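Below, all heavy atoms of this structure are taken into account, side chains as well, without hydrogens, waters or symmetry copies. The shown structure was predicted, so the numbers you read here are calculated from the model rather than taken from an experiment.
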Amino acid sequence: MKGVEFPLFKTKLGGKQKFDLTDPKDRKKYFQLKAGLEIKKLNNYLKKKTFMAFLLGKKNAGKGTYAKLFIEALGTNRVAHLSVGDIVRNVHKDLKSPGKKKELVAYLKKRYRGFITIEKALEVFTGRDAATLLPTEFIIALVEREVDRLGSKAVFIDGFPRNMDQVSYSLYFRALMGYRHDPDFFVFIDLPEAIIDQRIKFRVICPKCQTPRSLKLLRTKEIGYDQKSKQFFLICDNVKCSPERMVPKEGDELGIEAIRDRVELDDKVMRSLLGLEGVPKILLRNSIPVTAAKKNSDDYEITPAYRYVLTAS
């Protein structure tokens, strides 16, 4: 976000100790070394309290990755990550099951408040009615449904409705931020568009847990090779998924220019929300200038660019 000053946080400790940040075991040791006291405070807080945090950043800014690494660092099941995009995709699946559709409609009757009927909203949602705009209230109800399912967990919410005018985004955030009686705050994530472009082109997702990684910039510990396609792939390091093969999303190979309009809209909405009074804000820098990297970061914290070659066995 040009014109907005994101602070530079020094993490360099020096010394001979090094960590392989692609290895979950090493990451755990790293988190304890760099933020052990803060992790302890957060875990003590989460024993009795919760929060609702809204992750705000351009597409591929790392919102989902940050949320999952936060949960991994704390080693807790008291924090959850909700992606609005994943919620929408899962509802599309639910609508194919008569039982799940009935449960969804029953919930919407309790929570949805809008100017078109639930039936009409579902027609718009599934694409059967392309002429009517989907009410923001409908998306709010879907997110509230997932928040209810999580119970007393702290929540990171990733994503917000596209094409929001001022009224829409005010309604969206005010409704959700007042939904539970716990602290709410915004987390703004900033990084250069050149990095966004590389992340999009090399991004892969675990089809089970939806964890994102990058073949070039953020790989997992285990790598595989597909003899048929002659391509390397990452293997999800979530113990609940392993050995699940991570896959690219269709269209990602086109990079940032394919989503230029969305990136500019994300920037516009973020700037508007920076001015929203009464909401605590965290400014999170996802990259630092090359000239400042050595001074502020240990060598193993500087992201390498990975490449893969086959070797004779």
Sole candidate of L56, L283, L55 that passes side chain to side chain contact (heavy atoms under 4.5 Å, CB included) when paired with V187:
L55
Sole candidate of I205, T220, I235 that passes side chain to side chain contact (heavy atoms under 4.5 Å, CB included) when paired with R213:
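Answer after filtering I205, T220, I235: T220.
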Are there more than 12 heavy atoms of other residues, nucleotides or ligands under 6.0 Å from atom [atom1] of [X]?
X	atom1	result
K34	NZ	yes
K281	NZ	yes
K29	NZ	no
K12	NZ	yes
E257	CD	yes

Tell me whether V79 shares a hydrophobic cluster with V147, the cluster being built from Ile, Leu, Val, Met, Phe, Trp, Tyr side chains joined at under 4.5 Å.
no
Less than 6.0 angstrom separating the ring centers of F186 and F173, yes or no?
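Yes.
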Please confirm whether the ring centroid of F70 lies under 6.0 Å from the ring centroid of F31.
no
Hey, are the side chains of [X] and [Y] touching, using non-hydrogen atoms and a 4.5 Å cut-off?
X	Y	answer
I195	N286	no
I259	N60	no
P212	R199	no
K68	H81	yes
Y66	F156	no
V84	I157	yes
T22	Y306	yes
E244	P207	yes

Verdict with reasoning, K268 to E264, per side chain to side chain contact (heavy atoms under 4.5 Å, CB included):
CA-CA 6 Å; K268 181 179 179 181; E264 292 179 357; over 6 Å; no
Does a side-chain N-to-carboxylate-O contact under 4.0 Å join [X] and [Y]?
X	Y	result
K110	D148	no
K294	D299	yes
E146	R149	yes
D267	K58	yes

Side chains of E301 and T11: do they bring a donor and an acceptor to under 3.5 Å?
yes
Modelled atom types, side-chain donor and acceptor of T50 and D182, under 3.5 Å:
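Yes, because at least one side-chain N or O of T50 sits under 3.5 Å from a partner of the opposite role on D182.
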Tell me, with the steps shown, if F202 and L217 meet side chain to side chain contact (heavy atoms under 4.5 Å, CB included).
CA-CA 8 Å; F202 295 95; L217 301 174; over 6 Å; no
Is it the case that the side chain of [X] and the backbone of [Y] share a donor-acceptor pair, with hydrogens and angles ignored and the cut-off at 3.5 Å?
X	Y	value
D158	L82	no
D197	I256	yes
D266	K59	yes
D237	E222	no
R27	L21	yes

Walk me through whether I39 and N43 qualify under side chain to side chain contact (heavy atoms under 4.5 Å, CB included).
CA-CA 6 Å; I39 289 171; N43 277 322; 3.6 Å; yes
Specify whether F185 and F51 have parallel, tilted or perpendicular ring planes, treating 30° as the upper limit for parallel and 60° as the lower limit for perpendicular.
tilted
